[in-house]
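The block underneath contains the structure these notes are about, expressed in structure tokens.
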Amino acid sequence: MSEAPGNDSTTHQVARGTVNLLCGMAGGKALDFGLYVILARGLQVEQYGRHMYALSFTLLFSIVADLGVGTVFARDSSQDPESSRALLRTTLGLKVLLAIATGVAAVGVAFATGASPATIALVALFTLGMLINQVAGLFETLLRNENRAGVAGLSMVAQSLIALTLGGFLLALGAGVFSGALAYLCGAVVHLLTAANWSRQHWRYEHADTAPERFPMPRFPSLTASTTLIRNAAPLALTGVFLTLFFRADTVILNAVRGPEAVGLYGSVFRFFEALVLVSVAYRSVLFPFMARQADRPVEALRVLCRKSFRVHLIFTVGVAVIVSSQAQVIVNLVLGARYASAAPVLAILVWALPAVFMTDTLLHLLLAQHRQAASARSIALAAAANVALNLVLIPRWGIAGAGMALVGSQVLCFGLMFSEFRRTVPGVGLAYAIRAPLLAGGTAALAMSALGPVSPDGMTGMVISGCIGGVVYLAALALLGALGREDAELMQDLLPSALRPERQQEPA
């Protein structure tokens, strides 16, 4: 991989961008988490289940609203920044047409399936918010392409702050189950306005004899342009359909088989899982422009990129899975209360899907950078079919625990299929070597926390003590196994603000 001037390597640029974006996303998700806790505690479990069902039902139609064109825009605008303004206009025009189709489909299907008027209203609100968020994502892409990931993160913080404030206010006024949907919609509007405003220098045209255009009005694409764009995005659209099945089909099946209360219990801990997945989203969002630029270079560039990503993903996810699964009961009791205590074992199951989710997400976008969308679509299609089948078999027998097991199993299968596709053009990634140290270190940390369990105090104090000791043991074991070294220490130093970085002696020439 090419290096930037000085000490600012691609690895360091990605790491800093990820940290900047992750800080914004973490701030936003902390606020979202606050709203989620307020809703879970302020509504009955069954009411919260209706809220989660309407949201999951709506997100089943997210692919209709995008058809993969957002990802194609991200790839093409990073490869050819000069064309981003014209490409944005064309993409916005197509998005308007897709938004109309999405609104009709979501509300129409909800009505046709016999949903209550309240559920149809919730679906309509969530659909509008989802469409606005997708448009905001186009402007965030422009920010990330210009290494302004931190600013993109701030737009998410603004969105979440408005949603939390308004959601709590509406719940206090007695808006009930509509509080979350209205908060989601208003937050999406703020998300769009802030992202568009902060990226305006990247999309507005400067004319010599007129004032700059204040907004890139959608330009409805010609038939040729539409055909080309949709043809390029078609495999991504299929991929999106199957990814949606991964993360939303379980909720729909649970609602049909076990009812809204089961959906409420499962949805409560699934939000923990989604919050952890955001780390992968931040990493990939920053890394994808580099993937797109490296795709046409020698195979070694993508091999190194994949190997380093796997190493980071495994170190992070295995450590998190060990700590969260051991403390799942305490986490759920402290955050959600005794009403949701029966969902704690599901959280302990779900976190073990994280390693596969993180690595699959990276492989998906590496294949996209190589213009191999069809290969990723095939893998995800097979895994999504397995996911639905597993849910249909496991949910009737084990309920919400079955849904968690289905997700873990299908994600592992998806990773295996996609890794096989990637190795056809980029062999020698070395997965076995990358996974050995995190698994050994994770096992050591689990033993340490288990030994501490009988003498650990109850509640938050015990959770903090156990988590800290488990984390220290995990990192120490990684260092002893050679998985952490000087390069990692220097990278962590470079992620600090410049005023806090220790002086580093220059190596002799």
Side-chain angles (χ1 to χ4, degrees), residues 27-61 103 106-111 113-133 136 156-194 248 251-252 254-256 258-272 274-275 331-343 400:
K29 282 303 167 182
L31 296 169
D32 286 344
F33 191 78
L35 176 60
Y36 145 64
V37 172
I38 289 173
L39 290 174
R41 286 183 172 270
L43 300 173
Q44 297 297 320
V45 175
E46 186 174 343
Q47 287 182 311
Y48 185 70
R50 291 195 182 97
H51 165 90
M52 288 300 301
Y53 172 75
L55 178 60
S56 296
F57 179 88
T58 299
L59 293 178
L60 287 173
F61 295 87
V107 175
V109 172
F111 178 80
T113 53
S116 66
T119 299
I120 293 174
L122 286 172
V123 168
L125 292 171
F126 279 127
T127 300
L128 184 56
M130 175 190 69
L131 295 171
I132 294 172
N133 272 327
M156 300 178 192
V157 173
Q159 172 189 13
S160 300
L161 180 61
I162 292 298
L164 172 62
T165 304
L166 183 61
F169 179 70
L170 290 173
L171 194 62
L173 288 179
V177 74
F178 287 97
S179 304
L182 290 169
Y184 178 80
L185 173 58
C186 293
V189 172
V190 172
H191 185 200
L192 173 60
L193 294 176
T194 53
R248 303 299 165 189
T251 300
V252 176
L254 266 175
N255 187 72
R258 292 297 183 103
E261 184 174 353
V263 174
L265 291 170
Y266 183 73
S268 67
V269 293
F270 193 82
R271 295 304 296 267
F272 283 96
E274 286 184 316
I331 293 172
V332 171
N333 287 341
L334 285 175
V335 176
L336 299 174
R339 288 184 300 168
Y340 295 89
S342 59
I400 58 176

Q44, CD: over 12 other non-hydrogen atoms inside 6.0 angstrom: no
Could you give the distance from CZ (R271) to CG (L55), rounded to the nearest 0.5 Å? 7.0 Å
Minimal non-hydrogen separation, L164 against L31, with atom names: CD2-CD2, 3.7 Å
If you measure from OH on Y266 to OG on S56, what distance do you get to the nearest 0.5 Å? 9.5 Å
T58 side, atom OG1; Y184 side, atom OH - distance, nearest 0.5 Å: 8.0 Å
Might you point out which heavy atoms bring A40 and L336 nearest each other, and give the distance in Å? CB-CD2, 4.0 Å
For the student: nearest non-hydrogen atoms of Q159 and N133, plus distance: NE2-OD1, 3.1 Å
Does the side chain of F61 come within less than 4.5 Å of V109's, by heavy atoms? yes
To the nearest 0.5 Å, atom OG of S179 lies from atom CD1 of I38 at 10.0 Å
Dump the intermediate steps for side chain to side chain contact (heavy atoms under 4.5 Å, CB included) on V335 and F272, then the final yes or no. CA-CA 11 Å; V335 176; F272 283 96; 4.0 Å; yes
I need the M52 CE to L265 CG distance, nearest 0.5 Å. 11.5 Å
Heavy-atom closest pair, residues G180 and H51: CA-CE1, 3.9 Å
Donor-acceptor check, side chain of S160 to backbone of V157, threshold 3.5 angstrom: yes or no? no
Y53: side chain to side chain donor-acceptor pair (under 3.5 Å) partners, not counting sequence neighbours: none
Determine the minimum heavy-atom distance between L35 and A183, stating which atoms define it. CD2-CB, 4.3 Å
Inter-residue atom distance H191.NE2 - I162.CD1, 0.5 Å rounding: 13.0 Å
Take the angle between the ring planes of Y48 and Y36 and call it parallel below 30°, perpendicular above 60°, tilted in between. tilted
Could you give the side-chain donor-acceptor pairs of residues 119-130 under 3.5 Å, partners two or more places apart or in another chain?
residue : atom : partner : partner atom : Å
T119    : OG1  : S116    : OG           : 3.0
T127    : OG1  : V123    : O            : 2.6

Do the non-hydrogen side-chain atoms of T165 and L161 ever get within less than 4.5 Å of each other? yes
For R339, check side chain to side chain donor-acceptor pair (under 3.5 Å) against everything at least two apart and list the hits. none
Provide the closest heavy-atom pair for N333 versus R41 in the form atom of the first, atom of the second, distance. O-NH2, 4.4 Å
